[in-house]
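Here is the structure we will look at.
Labels below follow one simple rule: chain letters A, B, ... track the order of the sequence lines, proteins then strands, and each chain is numbered from 1.
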Amino acid sequence: MACTGLCDLLVQGGMDAGLAQFISLFFGVVLVATVPLLTVILLIWVERKIAARIQDRIGPNRVGPLGLLQTFADLMKLLIKEDITPAAADRLLYNAAPIVSFASVVLIWAVVPFTPYHYGVDLEIGALYFVAVASFGTLAIMTAGWASNNKYALLGAFRVVALLVSYEIPLVFALLVPVLLAGSMSLVDIGYAQAGMWFVFMAPLAMVLFFISSQAETGRAPFDLIEAESELVAGFNIEYSGMKFGMFFAAEFLHVFTNAVLLAVLFMGAWFFPLWQEPLIGFFWLGVKASLLYFISLWLRNTVPRLRIDQVMSFNWFFLVPVSILNLLVTALLVMVMKEIGWVPLDVAGNMALQLGTTLELLPMTVVLFASNVLIMLPIFNRLRRIGREQREAAEVRSRQRLALTPAGD
Amino acid sequence: MQFDFSTIAFFIFSLIAISGALGVATNRNLFRGIIWLIVSLFGVAGLFVLLSAPFLAAVQILVYIGAIAILFTFAVMLTRSLTRLTDRFNRLWPSAIVSGLFFVLLVVGVIWPVWGSTNAYDVPASDVVRTTVDLGVVLLAGEGFVLPFEVASLLLTAAMIGAIVIARDADEEEERQ
């Protein structure tokens with residue numbers, strides 16, 4: 001690796017080359033890890049304000065201008081709380097679970113490409129790394145549920161793990177579509193491949209599936225039975241108080257934003273924008289796209305009611321998994337066919353190379369893939385509407401029968 | 001023996017893998033044993049990275065730690081009586097002695113050929129550097145491993161169907177009949 005920047009400065013100052021490189025890498029790691037930590041402070045405020053406005057109230061408005069310092073006040077409160085560990089709890093695992101949970105989210109930021117030149121590391125397997133690290137969070141939640149030595153926590157942990165493991169399947173299948181289109185699992189390559197056309201126009205269904213699965217993975221409404229406050233007394237984090245709870249809390253918010261950033265990178269063109277193209281402007285646009293998707297997630301959270309665990313499971317296995325598999329198969333087939341026809345830009349070796357195509361060249365391919373996605377969803381939607389209508393009519397008939405059987409005024 | 005970062009990384013990952021395995025075998029709390037197993041699998045994933053197989057490392061974490069270890073944990077959480085074993089020695093000491101001897105035999109057999117000769121250590125962890133693209137091509141190429149790949153997927157499907165049949169409610173079946 002070339003010794004530039006900070007490394008060069010240190011070597012010129014007389015430090016050993018290996019040590020200088022280690023220190024500069026270390027500072028790079030600290031920088032990349034600090035970005036999510038600073039983001040989460042702002043995110044909590046954004047979340048509370050938007051939730052409040054949707055619920056027709058104001059939200060935090062006393063601490064600092066517009067309530068901006070509310071997060072710091074909460075942080076202070078959590079830090080000075082008594083650090084309780086239940087007597088019969090497994091001490092080491094109990095204390096390690098929030099750390100692992102938070103670490104699993106921050107680790108994802110190592111592969112996020114902020115600009116074409118600024119990223120933590122360009123892993124060859126970036127997309128797979130993201131899914132693997134997210135599965136660490138599942139482990140942390142289960143450890144928390146078990147180590148708390150509490151029946152409610154254990155029940156919560158069971159449900160959560162079933163949910164999280166099930167929703168990894170449509171997540172991975174939906175993730176495979178941009179990997180397929182870009183020809184590489186590296187997030188930087190996927191970003192470059194969207195130079196001509198964003199993947200949201202080529203694979204809208206995959207984006208929706210990824211969005212839904214990631215909502216379920218992070219435990220956002222309507223899938224927030226993970227910490228269903230009204231049912232399970234806060235689920236797996238009953239026994240957690242103080243800063244340990246704060247870590248779970250921050251990890252959840254950060255995870256939602258991280259998924260929004262990944263959605264923006266995978267589908268909405270990472271750092272590209274039609275008009276003005278500089279790396280720093282790309283960083284700004286990535287933030288805008290991620291914030292837009294985060295807002296949609298918050299909007300959804302504060303609008304729809306919670307689903308039951310059996311509804312969640314049947315939604316996954318009867319709807320998401322078949323649709324995501326079908327989507328992947330149809331997309332792969334169409335891409336193969338279009339490669340033969342010649343509508344897909346290729347590089348010199350004959351491999352698919354979307355980054356070499358201009359928007360106009362990619363237009364026929366986009367139209368075909370978009371039409372295929374619409375054609376997949378139309379019959380499914382119609383069938384679902386019909387089923388919904390039948391169920392509603394059956395329920396109405398039943399309620400009318402019940403009213404007829406009970407004598408009025410009795 | 002040259003001390004560069006890959007050697008240090010190899011030592012660290014091997015240490016993690018071996019200590020994890022030791023923890024699994026010696027811990028009396030079954031749940032803690034699973035956590036040690038996860039630590040050991042993590043070390044193995046690191047060794048995969050050193051062997052220039054990042055794909056396998058990620059799949060190791062995703063499948064072994066993210067699915068199989070969680071399955072183990074479910075099994076342990078639902079059989080509560082085994083989480084606190086109190087005997088220090090059980091009745092299997094003859095097989096323990098046999099496996100101890102086998103271990104010594106294996107260690108001697110691996111170390112003896114390379115004992116003393118210094119040029120055997122200069123080989124990097126992997127002198128063949130292949131990318132994930134090569135792995136994909138080999139798995140699916142006609143003259144590659146496509147047949148074992150497809151047979152493995154058939155095997156997994158059969159296992160899944162078998163699990164569903166076994167786990168199905170017997171009452172449900174009687175009701176339907």
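- The environment of CZ in Phe72(B) is sparse: at most 12 heavy-atom neighbours from other residues, nucleotides or ligands sit within 6.0 Å.
- Phe319(A) pairs by the ring pair (Phe, Tyr, Trp, His ring centres under 6.0 Å) definition with Phe315(A), not counting sequence neighbours.
- One finds the OG1 atom of Thr143(A) at 4.5 Å from the CZ atom of Phe31(B) (value rounded to the nearest 0.5 Å).
- Among residues two or more places apart in sequence or in another chain, the ring pair (Phe, Tyr, Trp, His ring centres under 6.0 Å) test is passed with Phe42(B) by Phe136(A).
- Interface remark: Ile38(B) contributes side-chain atoms only to the contact with chain A (heavy atom separation under 4.5 Å).
- The side chain to side chain donor-acceptor pair (under 3.5 Å) pairs that include a residue from residues 30-49 of chain B are Asp90(A)-Arg32(B), where partners are two or more places apart or lie in different chains.
- Here the side chain of Glu124(A) pairs a donor or acceptor atom with the backbone of Thr132(B) at under 3.5 angstrom.
- With contacts defined as side-chain heavy-atom distances shorter than 4.5 Å, the pair Thr73(B)/Trp146(A) does not qualify.
- In this structure, chain B has a heavy atom under 4.5 Å from the side chain of Val165(A), while its backbone stays farther away.
- No part of Leu123(A) comes within reach of chain B, as not one of its non-hydrogen atoms sits under 4.5 angstrom from that chain.
- Of the atoms belonging to Ile70(B), heavy atoms from both backbone and side chain fall under 4.5 Å from chain A.
- Neither the backbone nor the side chain of Ser184(A) comes within less than 4.5 Å of any heavy atom of chain B.
- Annotation: residues 57-66 of chain B contacts chain A through Ala58(B), Val59(B), Ile61(B), Leu62(B), Ile65(B), Gly66(B) [non-hydrogen atoms, separation under 4.5 Å].
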